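Report on the structure given below.
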Amino acid sequence: MGEFSLAKGHIYIARDGSRAECELPAGTSVMLGALTNGVEGILAECGGAAMCATCHVYVQAPFDSRLPEMGEVENEMLDAVASERRTESRLGCQIVMTDSLDGLVVRLPDRQN
Amino acid sequence: MVEMPGRIVILGAGHAGVECATALRARKFGGTVDLVGDDPHLPYQRPPLSKDYIKRPGDPLPLKPKQFFADNRITLRPGQRAAGIDRKRRQVRLESGEALPYDHLVLATGARNRRLHIPGINDGTAFELRTLADADRILGSIRDWRQVAIVGGGFVGLEAAALLTTMGIAVHVIETAPRLMQRTASPTLSSWFAEWHRENGTAVHLDTQVAAVEQEAARVVARLTDGNRLVADAAIVAAGVLPNVELAAAAGLAVGNGIVVDANLLTSDPAISAIGDCANFPSSRLPGRARLESVQNAADQARTVAARLTGETKPYDALPWFWSIQGGVRLQIAGLSKPGLSEVVRGDPDSGRFSVFLFDGERLTAVESVNAAADHMIARRLIAERRKVEPAGVGDLSLDLKSLL
């Protein structure tokens, strides 16, 4: 199971070869999931307002294509994140859980600030 | 070899205290960590309280989950107050009578709201907005509010004004200074926000104080020094804060607009540090000293002290940055402003998307961005790296700011 389970309302946050499974109710953000599960590597200093860019994640395929288009603010903040910005870069505070994201895997960058 | 402390006590479980405990464990500190906070709740994020929390109440956003503290051997003591610090015996006395011995003490005692001496104001209709309890108290009454007077036109007062307005409540903001957010904002920014709030339906009274308040049945009647008479269902006092220095002062530490620390955030006692809203520190970015009330300052100072206590001493030199959300307007400030700076505006303020670049002579010291996140993020680096920036250039939108990095 583990890696291949698509448990409803669960996501995986991966870093340094390990991954944390978080339960994430629909309507809540990946940032909040990381925060309430004590996942290291997401600072979320602004509390989810897209002000600090310290909840940078790399969204793994195929989930990257299932996310809504990013807004202008998120795009601008991502332009200045501490680790490399890639095409699959998003801010965890702007990814809101839906049914189509069951089993979502996000990878954390080396550093957030 | 500097001897590492074995027992660390942190007084204050807000952003600074919690981050200090977290950073100590992240840096593999092996001793004991006691985290004492007077708030009875699991430590929570404060900024959302004057923004989303009032509109969409629910669980407050935690700083860390409950299990985190146990998992990391951080002894969280919520709802506890320190009664005194015995520096000779190196122990903190709690009001409960318990004594906590320390090898190093971190004061993260924060600040409290300034109480105004307004004749006639009483507790029944006067509200504050700093803690979860304050926000919950507002939530308990807000359904009956049609008109609210907000005393203070700083970040918190204006965030609350914008929020209440969207809930259909008529808002008056009363500010003593001649402009909004005077302590932190440039004149251009202040007037832009005054206009925005007025267009949003808020009555903004500048250069005005509340002379007296009377209670009429369930409503407050406020007489203003500009001659206006306001009738409101409640008054929210958001007139700045006072740093919590009493414990430090009683223990004989140097205080003065905060607990006085050196560049390494040590107090006048080398076994005691102070961080966050309560710390008055020498600023390399301003002549003199600063005491800042922000998440950035709390978290970065916490990490600086945790690094020192685990053997990596470096002076505190982080770039200050701030944010505010007022209605749909996103304000981000990089650097520290002061009176008398010259302003260069980038973008058209009428478009609702612009930045004010503030120069001290030739030196870029602060940038205020309204709905201009990209400007803000580049500005943080320009200021932090002390880049040479031509004032004339940044006002020209054809200049790509990234080219200055």
Side-chain angles (χ1 to χ4, degrees), chain A residues 13 15-16 18 20-56 70-85 89-94 96-97 108 110-113, chain B residues 15 19 22-23 25-26 42 44-49 51-53 56 58-72 294-300 302-303 318-319 321-325 328 330-334 353 369 371-381 401-402 405:
Chain A
I13 301 176
R15 188 195 200 191
D16 299 339
S18 69
E21 181 173 348
C22 300
E23 191 176 351
L24 195 63
T28 53
S29 70
V30 167
M31 178 280 295
L32 189 65
L35 205 65
T36 51
N37 286 280
V39 176
E40 270 184 60
I42 286 196
L43 294 178
E45 288 188 338
C46 75
M51 288 288 182
C52 67
T54 62
C55 63
H56 179 199
M70 75 171 74
E72 191 176 19
V73 168
E74 183 181 359
N75 184 31
E76 290 183 16
M77 294 300 289
L78 278 169
D79 239 0
V81 285
S83 293
E84 181 198 359
R85 178 178 184 172
S89 285
R90 297 294 297 252
L91 292 181
C93 67
Q94 304 300 305
V96 174
M97 190 62 181
L108 297 182
D110 293 339
R111 47 192 283 263
Q112 295 284 6
N113 71 353
Chain B
H15 288 261
E19 181 59 26
T22 303
R25 288 301 186 220
L42 187 68
Y44 54 86
Q45 306 222 10
R46 286 181 200 269
L49 297 179
K51 304 177 185 79
D52 284 350
Y53 183 76
R56 285 185 293 276
D59 290 332
L61 201 55
L63 283 165
K64 297 287 174 195
K66 193 169 183 191
Q67 192 56 35
F68 173 87
F69 296 97
D71 289 348
N72 287 278
S294 71
V295 170
Q296 169 277 320
N297 187 64
D300 283 334
R303 290 190 281 260
L319 175 78
W321 58 270
F322 312 84
W323 81 91
S324 176
I325 299 175
R330 297 165 52 87
L331 168 62
Q332 292 167 291
I333 301 176
R353 179 179 167 93
S369 300
N371 297 323
D375 285 5
H376 170 73
M377 295 307 278
I378 296 167
R380 278 201 213 170
R381 287 187 55 192
L401 289 179
K402 277 189 210 161
L405 290 169

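Because the structure is a prediction, the values reported are computed rather than measured.
With values rounded to the nearest 0.5 angstrom, B:His15 atom NE2 is found 9.5 Å from A:Glu45 atom CD. Considering CZ of B:Arg353 and CD of A:Glu72, their distance stands at 4.5 Å, rounded to 0.5 Å. With rounding to the nearest 0.5 angstrom, the NZ atom of B:Lys64 is 11.0 Å from the OG1 atom of A:Thr36. A distance of 4.0 Å separates CG in A:Asp79 from NZ in B:Lys402, rounded to the nearest 0.5 Å.
A:Ala53 touches chain B through its side chain: at least one heavy atom from C-beta onward sits under 4.5 Å away, while N, CA, C and O do not. For a residue to count as touching a neighbouring chain, one of its non-hydrogen atoms must lie under 4.5 Å from one of that chain's; by this rule B:Ala298 does not touch chain A. Only the backbone of B:Leu63 has a heavy atom closer than 4.5 Å to any heavy atom of chain A. Interface residue B:Leu331: only backbone heavy atoms are found under 4.5 Å from chain A. Only the side chain of A:Asn113 comes within less than 4.5 Å of a heavy atom of chain B; its backbone N, CA, C and O stay farther away. Within the 4.5 angstrom heavy-atom criterion, no atom of A:Leu78 approaches chain B. Contact annotation for B:Ser294: neither backbone nor side-chain heavy atoms come within less than 4.5 Å of a heavy atom of chain A.
Applying the salt bridge (charged side-chain N to carboxylate O under 4.0 Å, His left out) test to every pair with at least one member in residues 30-42 of chain A, sequence neighbours left out, gives no pairs at all.
Summarising the geometry of A:Gly38 relative to B:Pro65, their closest heavy-atom pair is N-CG, 3.4 Å, with the distance given to 0.1 Å. Scanning all heavy atoms of the two residues, the minimum distance from A:Met77 to B:Ala373 falls at SD-CB, 3.5 Å.
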Test side-chain contact (heavy atoms from CB on, under 4.5 Å) on B:Trp323 and A:Cys52; report intermediate values, then the result. CA-CA 9 Å; B:Trp323 81 91; A:Cys52 67; 5.9 Å; no

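Of the listed residues (A:Gly47, A:Ala80, A:Cys46, A:Gly48), the greatest number of heavy-atom pairs within a distance under 4.5 Å of chain B belongs to A:Cys46.
Between the side chain of B:Arg330 and the backbone N or O of A:Ala50 there is at least one donor-acceptor pair closer than 3.5 Å.
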